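Let me begin by presenting the structure, written as structure tokens, before commenting on it.
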Amino acid sequence: MIKLEKHKLLFVNAPKCAGTSLKFMLYDYLDESRRESEVHIGNRFSAQKFDAKVIKKCKNYYKFCVVRDPVDKLISCYNNRVIDKKILLKRHRYFLKGLSPTPTFDVFLQKLHLYQQASPDIMWHSRKLVFFLGNNANIYDDIFSISEVNTRLIPILEKKLKSKLKRPVKNKTICKMIKKNNLSNKQIKKIEQWYRKDYETYGRFFNK
């Protein structure tokens, strides 16, 4: 969550929704001589479990968030955390409890709840949007699809901050092993069922 008191801005962020890129962009605005690492910035502006009290305290703020279709979000989680960063291979076998540290996407999907229990990293990056953003889309002044970050969100922020902002970097995932068109209808339906509440609350914003 990023709160800019001077400009009355509140960015409520969720993992795998351009959060890291936007954190860097806003941190660069706050401190042009930034020397903090990605880890430190991630901790300073970390995504958090939704807290209605924070929203209430920021009644007069411009409140916004970025959302992403859960199918794309889970694929990104798999490609980035399992394939690129190999976080399951770094996890002690004891915690995996017999789970494969190098699962195919289908195995990962079928046993998602077990992988979430075995790895806090997987749990964090695959949690439902409503965990971070809440169950009521109406509390936000604007909700952006991840595809609108450059085209719509940044111009609005530049106008409000009265400053030119550095465009966020593209997704750092190196190996995009799985793409949406690789999935079967059965797999897509399973993901849609798992993230049903996200679709009910934010679905109308996913494909803007």
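If you're wondering where the values come from, they're calculated on a predicted model, not measured in any experiment. For the numbers below, each heavy atom of this structure counts, side chains included, while hydrogens, waters and symmetry mates do not.
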Practice item. Compare every heavy atom of Ile83 with every heavy atom of Met177, then report the nearest pair and how far apart it is. Key: SD-CD1, 3.6 Å
Revision key, fill the gap. Interatomic distance, OG@Ser163 vs NE2@His7, rounded to 0.5 Å, equals 8.5 Å
With a cut-off of 3.5 Å and sequence neighbours excluded, list every side-chain donor-acceptor pair involving residues 108-117.
| from | atom 1 | to | atom 2 | distance (Å) |
| --- | --- | --- | --- | --- |
| Tyr115 | OH | Ser100 | N | 3.3 |
| Tyr115 | OH | Ser100 | O | 2.6 |
| Gln116 | NE2 | Ser126 | OG | 2.9 |

Revision key, fill the gap. Across all chains, not counting sequence neighbours, the ring-ring contact (aromatic ring centres under 6.0 Å, His included) partners of Tyr195 are none
Check your understanding: What distance do Gln48 atom CD and Asn13 atom CG have between them, rounded to the nearest 0.5 Å?
Key -> 8.0 Å
**Study point:** Side-chain donor/acceptor of Glu158 to backbone N/O of Lys164, under 3.5 Å
**Key:** no
Point to revise | Cluster check Ile156, Val66: I/L/V/M/F/W/Y, side chain < 4.5 angstrom | key: yes
**Study point:** Distance in Å, Asp141 CG paired with Leu10 CG, rounded so as to fall on 0.5 Å steps
**Key:** 9.5 Å
Practice item. State, to 0.1 Å, how close Leu88 and Pro101 come at their nearest heavy-atom pair, and which atoms those are. Key: CB-O, 3.4 Å
Point to revise | Nearest-0.5 Å distance, CD1 of residue Ile87 to SG of residue Cys77 | key: 7.5 Å
Exercise for review: Report the hydrophobic cluster partners of Tyr94, with the cluster defined as I, L, V, M, F, W, Y residues connected by side-chain heavy atoms closer than 4.5 angstrom, directly or transitively.
Suggested key: Phe95
Review point. Tell me, do Val107 and Thr104 make a side-chain contact under 4.5 Å, heavy atoms counted?
Key: yes
Review point. Which residue pairs pass the side-chain hydrogen bond (donor to acceptor under 3.5 Å, both in side chains) test with at least one member in residues 53-67, sequence neighbours excluded?
Key: Tyr62-Asp142
Practice item. Could you check if a side-chain atom of Met25 sits within less than 4.5 angstrom of a side-chain atom of Ile154, using non-hydrogen atoms only? Key: yes
Practice item. Just jot down the salt bridge (charged side-chain N to carboxylate O under 4.0 Å, His left out) partners of Asp72, sequence neighbours excluded, or say none. Key: none
Practice item. Step by step, work out the side chain to side chain contact (heavy atoms under 4.5 Å, CB included) result for Val82 and Ile122. Key: CA-CA 8 Å; Val82 179; Ile122 293 297; 3.9 Å; yes
Exercise for review: Look at the side-chain heavy atoms of Ile, Leu, Val, Met, Phe, Trp and Tyr, link any pair under 4.5 Å apart, and say whether Ile139 and Val54 land in one connected group.
Suggested key: yes
Study note, to complete from the structure: Nearest heavy-atom contact between Val130 and Thr201 is CG1-OG1, 3.8 Å
Check your understanding: Looking only at heavy atoms, what is the nearest atom pair of Val149 and Ala18, with distance?
Key -> CG2-CB, 4.2 Å
Point to revise | Close side-chain approach of Ser119 and Lys90, heavy atoms under 4.5 Å | key: no
Check your understanding: With a 4.5 Å limit on heavy-atom distance, are the side chains of Asn182 and Phe105 in contact?
Key -> no
Practice item. Check whether any side-chain N or O of Arg81 sits under 3.5 Å from a backbone N or O of His125 as a donor-acceptor pair, and report yes or no. Key: no
**Study point:** Donor-acceptor pair, side chain of Arg68 and main chain of Lys16, under 3.5 angstrom
**Key:** yes
Review point. Of the non-hydrogen atoms in Val67 and Leu133, which two are nearest, and what is the gap between them?
Key: CG1-CD1, 3.7 Å
Review point. Under 3.5 Å, is there a donor-acceptor pair between the side chain of Ser145 and the main chain of Glu148?
Key: no
Review point. Between the main-chain N or O of Leu129 and the side-chain N or O of Lys197, is there a donor-acceptor pair closer than 3.5 Å?
Key: no
Check your understanding: Just how far is it from atom CG of Leu22 to atom SG of Cys17, taken to the nearest 0.5 Å?
Key -> 10.0 Å
Review point. Between the side chains of Asn79 and Lys179, is a donor N or O closer than 3.5 angstrom to an acceptor N or O?
Key: no
**Study point:** Side-chain donor/acceptor of Tyr78 to backbone N/O of Pro103, under 3.5 Å
**Key:** yes
Practice item. For the pair Asp69 (side chain) and Phe206 (backbone), establish whether a donor and an acceptor sit closer than 3.5 Å, ignoring hydrogens and angles. Key: no
**Study point:** Inter-residue atom distance Tyr199.OH - Arg204.CZ, 0.5 Å rounding
**Key:** 15.0 Å
Check your understanding: Do you know which two heavy atoms are closest between Ile75 and Ile178, and how far apart they sit?
Key -> CG2-O, 3.2 Å
Revision key, fill the gap. ring-ring contact (aromatic ring centres under 6.0 Å, His included) pairs touching residues 129-157, sequence neighbours excluded, are Trp124-Phe132
Check your understanding: Are Asp198 and Lys128 within salt-bridge range, i.e. N to O under 4.0 Å?
Key -> no
